[in-house]
Colleague: 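Structure incoming, see below.
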2 protein chains.
Amino acid sequence: MRTAEFDRETVLRNAMQAFMTYGYNKTSMPKLTEVTGLHPGSIYCAFKNKKGLLLAAIDQYQADRRVHYQKLFENSTSLRCALERFLQDLVGECLGDESKKVCLLTKTLNEIGEQDADIQTALSTNLSQFESLIRQQFLIAWPDSEALSEDEATKRARFFIMSVYGIRTYAATQCDSSHLNALADRLLEVSV
Amino acid sequence: MRTAEFDRETVLRNAMQAFMTYGYNKTSMPKLTEVTGLHPGSIYCAFKNKKGLLLAAIDQYQADRRVHYQKLFENSTSLRCALERFLQDLVGECLGDESKKVCLLTKTLNEIGEQDADIQTALSTNLSQFESLIRQQFLIAWPDSEALSEDEATKRARFFIMSVYGIRTYAATQCDSSHLNALADRLLEVSV
DNA sequence: GTTTAACTTGAATAATGATTCAAGAATCCC
DNA sequence: GGGATTCTTGAATCATTATTCAAGTTAAAC
């Protein structure tokens, strides 16, 4: 017997960052050995192949995101407050460094979603989990806000999520702080 | 002297379709020779290299889009009518075949925009042209609608475009006709 | 302390990638 | 029709890719 020398979560976060920066196809195995510190053989032993490493990184990404948003939503006093925090965080990420500008899920979906069923399934699953997370915020009976019907909450959450994708893409086209804030403000207005 | 045997526009449209279907990195030169009918040497002679072919395809894409939307907007009687047509067309594309589901500009930006300055410039230029095209619709003093200030038109057009990106991405996550139509309807409501 | 199973190493492999180039073919101009 | 110019051809080249594997190393178990 022998225990693995590397820390799985660290390896996955490094791989994840590389995938977000360069995209799946342009993240070569040499690059992955470099950023993870693992030799090819170890990667193939632990994750089967490059695609397996991507799938594991996607799961890690989603787990990290869930924690991040649960913290972000803690102690919100109203739907408006929760969405405001979310949007501020989003705009901050869009203006931040390369590796946080993009969402691993949508970036990967855009790049290779149509070409691989396993990856498409993994991404769809994780993206609808993300949609649920937002939908829950719309469904909470806030002390300071009126309650929404299930149907209305679903529709509004969907529009919100769709616009979040839009803001991320818009930020890729032109990274202007005032434009992004204006878009976020407007989205908040039409959502709440 | 000798005239070229191939039709440049046809070649570019075929290349464009391949780039939209497979993405830049996964559209190999063998694939490009297949879809364009040109031999490697001819491609390198006419477009310098693979990147040059992409840049030319981007220009052709934008030229085609401009014509498409000018036709689409012809004889609109109000802003609402123009946007309605645009959104119907958009949802139709999202539900249609692979090569029309995506926008070459945003797809390429997502995949390799950060990695190549020339491509980023070309995409930014074309995307802001597209934004202008939509902005013009908001600025027209329609017979049936009230006029907007320049500033208000710019802001609304920007939010609209951002949401169009969002709808395209959302369609990639789940291609549900009723969801897409509901998103389009809501976008129309908050835009006009 | 020896065994044993598991992890690590990194060079070798085989496939695929973009790009070049020299030879051949076709058209225009005089 | 002859020459000049340009386009076409496609095999060869060189770089890069993902993946494998056999040898080496480590630590837990008895």
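Scope of the values below: all heavy atoms of this structure, side chains included, with no hydrogens, waters or symmetry mates.
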Colleague: Using the ring of A/Tyr24 (Phe, Tyr or Trp, six-membered ring only), decide whether B/Lys26 places NZ or CZ under 6.0 Å from its centre and within 45 degrees of its axis.
Modeller: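 No; the conditions do not both hold, so B/Lys26 does not lie above the ring face of A/Tyr24.
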Colleague: Which donor-acceptor pairs under 3.5 Å do the side chains of residues 37-49 of chain A make with protein atoms, sequence neighbours left out?
Modeller:
from    : atom 1 : to      : atom 2 : distance (Å)
A/Asn49 : OD1    : A/Lys51 : N      : 3.3
A/Asn49 : OD1    : A/Gly52 : N      : 2.9

Colleague: Which residues pass the side-chain hydrogen bond (donor to acceptor under 3.5 Å, both in side chains) test with B/Arg156, not counting sequence neighbours?
Modeller: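 B/Arg156 satisfies side-chain hydrogen bond (donor to acceptor under 3.5 Å, both in side chains) with B/Glu152 once adjacent residues are dropped.
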Colleague: Do A/Arg135 and A/Glu150 meet the salt-bridge criterion of a basic N to acidic O distance under 4.0 Å?
Modeller: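 Salt bridge: yes.
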Colleague: Round to a whole Å and report the spacing from CD of B/Glu34 to C1' of C/dG17.
Modeller: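 Whole-Å distance recorded here is 16 Å.
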Colleague: Encode nucleotides 8-20 of chain D as B, S and - characters from 5' to 3', where the letter depends on protein heavy atoms closer than 4.0 Å: B to the base, S only to sugar-phosphate, - to neither.
Modeller: SBB------SSBB
Colleague: Looking only at atom types and distance, does a side-chain atom of B/Ser163 sit under 3.5 Å from a main-chain N or O of B/Gly166, one as donor and one as acceptor?
Modeller: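 Side chain of B/Ser163 to backbone of B/Gly166, a donor-acceptor pair under 3.5 Å: no, none is there.
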